[in-house]
2 protein chains.
Amino acid sequence: MSKCEQCIVREFSSLKALTKEELLRLSDCKTSHIIKKGEVIFEEGENVNGIYCIKDGICKLTKLSANGKDHIVKLVTKGELLGQRSMISDEPVNLSAVALEDMHVCFIPKADVMGYFDQNNQFSMNVMKTICGDLKEADDHMVNLAQKTVKERLAETLLYLHDTFGKNEDESLKVQLSRDELASIIGTATESCIRLLSDFKKSGLIELTGKKIVFKDINALKKLAD
Amino acid sequence: MSKCEQCIVREFSSLKALTKEELLRLSDCKTSHIIKKGEVIFEEGENVNGIYCIKDGICKLTKLSANGKDHIVKLVTKGELLGQRSMISDEPVNLSAVALEDMHVCFIPKADVMGYFDQNNQFSMNVMKTICGDLKEADDHMVNLAQKTVKERLAETLLYLHDTFGKNEDESLKVQLSRDELASIIGTATESCIRLLSDFKKSGLIELTGKKIVFKDINALKKLAD
DNA sequence: ATTAAAACATGACATTTATCATATTAAAGA
DNA sequence: TCTTTAATATGATAAATGTCATGTTTTAAT
């Protein structure tokens, strides 16, 4: 069993507040899992009873809407935690988590996390701040969905993907989403998303090669996104 | 200075976890304020440095969008707290709070709240659960904005106002919003909102008298909202 | 390598929603 | 009370977006 002390998750998440002694205990109670691209980590409505640490990979958090389509609420990546809200609320998860690429995650049972929560004030404060950050993000996102056009939302989402997840050596965006997934982030029909991407390409804003997206005129994109 | 012990806010909010002794201290550090309809409690970007307890009245939490229009993110009413996220994140508030009717609020300085926060585990847990609840609500709201039509969102919002804030003796919805405000909850143009309300009226779903809205066929509304 | 399925792409068209113009009504101030 | 302003209402039209059909390309499975 690998040590939690050197784990990347410890470095970037709320877990950075844990002491050496607590990290040692953590190494014992965690379980390690490999999740293949497309596999489900947990599903909306499920009782997760713990949190997941993302050691490697990216996943999408989705919610089924009334019309039967999935909406992507958030992308979560290496170094972050999953399932905190559900653990604190003591409720089933309200979102599904699906791997966008092969992932390596560790599961920590609720009882153990809650132990640190009670003992280590800084840790609980960190978790709280993370959730507060999520809430603020959600508010922003909400306003964008309500007030911006699909074109603006697409431009904004592309920039977000760029700024948050970076790009490969060939300059293409690191997160590779299907047109369908991209559409379900911005809240539009797949065809509309495809059409707008083609428009962006024709206008020289981006270059498209399969799922690869390369920025050609980032300033024009920024102007479009408002 | 009135006692916090019998206050309605204590009954419904995170504050219910405070001990008698803590409540007595609270009575001393709080300041009481009357806010007139239309007045601003705090504005996006401001440093609030404490939380507000709503003793009476309702307010809207709004966020300015890139196109200059305000979007109503949430309505908050009697018994609830304001400004918790900002306090925990130690950041300026990300939303403005504006009174929809005359309000009575109490302000508790951050230092005092944080004191209870450190001492009283149940209190901090309650605050956290509230914020987690807000986050879940925000997720739901986001998906609705992204996936539902304006008509569905209007029907849903009317039902929400009904279920959350109730109705007056004359059966009309208790919260009275302008068409403009209603539009900025559902994320549409004021004219579209007015038109759809007229449609609902013509279809016998609701009755309109000035700002008053009376439900005539709640089941049909529910069907519309999905 | 071949085939089946999924993803991508685009046209044609319908529908939804926004915008602009202009009344009408209600509310607020002088 | 009068008068001015803001809110509500509705028509006409434009623009944005969704839906359906259909073809092409890519991917995955046999």
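Protein chains get the first letters and strands the later ones, always in sequence-line order, with residue 1 at the start of each.
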Query raised in the report: Aromatic rings A:H71 and A:H141: how do their planes relate, parallel, tilted or perpendicular, breaks at 30° and 60°?
Result: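 It falls in the tilted class, 30° to 60°.
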Tell me whether the OP1 or OP2 atom of [N] has a side-chain N or O from [X] closer than 4.0 Å.
{"X": "B:K211", "N": "C:dA27", "result": "no"}
{"X": "B:S198", "N": "D:dT10", "result": "yes"}
{"X": "B:K151", "N": "C:dT17", "result": "no"}

Query raised in the report: When you measure from the side chain of A:S96 to the backbone N and O of A:E44, does any donor-acceptor pair fall under 3.5 Å?
Result: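 Here the side-chain-to-backbone pair exists.
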Query raised in the report: Distance-only, no hydrogens or angles: does the B:D102 side chain make a donor-acceptor pair with backbone N or O of B:K37 under 3.5 Å?
Result: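 Present.
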Taking [atom1] from [X] and [atom2] from [N], how many angstroms apart are they, rounded to a whole number?
{"X": "B:R153", "N": "C:dT17", "atom1": "CZ", "atom2": "P", "value": "7 Å"}
{"X": "A:Q176", "N": "D:dT27", "atom1": "CD", "atom2": "P", "value": "10 Å"}
{"X": "A:L196", "N": "C:dT10", "atom1": "CG", "atom2": "P", "value": "12 Å"}
{"X": "B:I194", "N": "D:dG11", "atom1": "CD1", "atom2": "P", "value": "13 Å"}
{"X": "B:I206", "N": "D:dT8", "atom1": "CD1", "atom2": "P", "value": "13 Å"}
{"X": "B:K69", "N": "C:dT17", "atom1": "NZ", "atom2": "P", "value": "14 Å"}
{"X": "A:K37", "N": "D:dT27", "atom1": "NZ", "atom2": "C1'", "value": "10 Å"}
{"X": "A:N67", "N": "D:dG18", "atom1": "CG", "atom2": "P", "value": "11 Å"}

**Report entry** Residue closer to the 5' end of DNA chain D, A:G210 versus A:G187 (nearest nucleotide)
**Finding:**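 Its nearest nucleotide being more 5', the pick is A:G187.
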Requested in this report: On DNA chain D, check which nucleotide each of A:K148 and A:E191 is closest to and give me the residue with the more 5' one.
Outcome: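 This one resolves to A:K148.
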Query raised in the report: To the side chain of A:T188, which of C:dT17, C:dC8, D:dG18 is closest?
Result: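 Per side-chain heavy atoms of A:T188, the pick is D:dG18.
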Query raised in the report: Nearest of D:dT8, D:dT17, C:dT10 to any side-chain atom of B:R179?
Result: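 The answer is D:dT8, which lies nearest to the side chain.
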Query raised in the report: Between A:D90 and B:K129, is there a salt bridge with N-O shorter than 4.0 Å?
Result: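 No.
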Query raised in the report: Do the side chain of A:R195 and the base of D:dT19 come within less than 3.5 angstrom through a donor-acceptor pair of N or O atoms?
Result: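 For A:R195, whose side chain was compared with the base of D:dT19, there is a donor-acceptor pair (under 3.5 Å).
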Query raised in the report: Contact class for A:T190 vs. all strands (heavy atom < 4.0 Å): base, sugar-phosphate, or nothing?
Result: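 Counting heavy atoms under 4.0 Å across all strands, no contact is made by A:T190.
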Query raised in the report: Under 4.0 angstrom, heavy atoms only, what part of the nucleic acid is B:S178 near: base, sugar-phosphate, or nothing?
Result: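 Sugar-phosphate only.
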Query raised in the report: Taking the nucleotide of DNA chain C with the closest heavy atom to each, which residue, A:S192 or A:A146, is nearer the 5' end?
Result: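 It is A:S192 whose nearest nucleotide is closer to the 5' end.
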Query - Nearest-0.5 Å distance that lies between atom CD1 in B:I185 and atom CG in B:L154 - result: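 Reported value, rounded in 0.5 Å steps: 10.0 Å.
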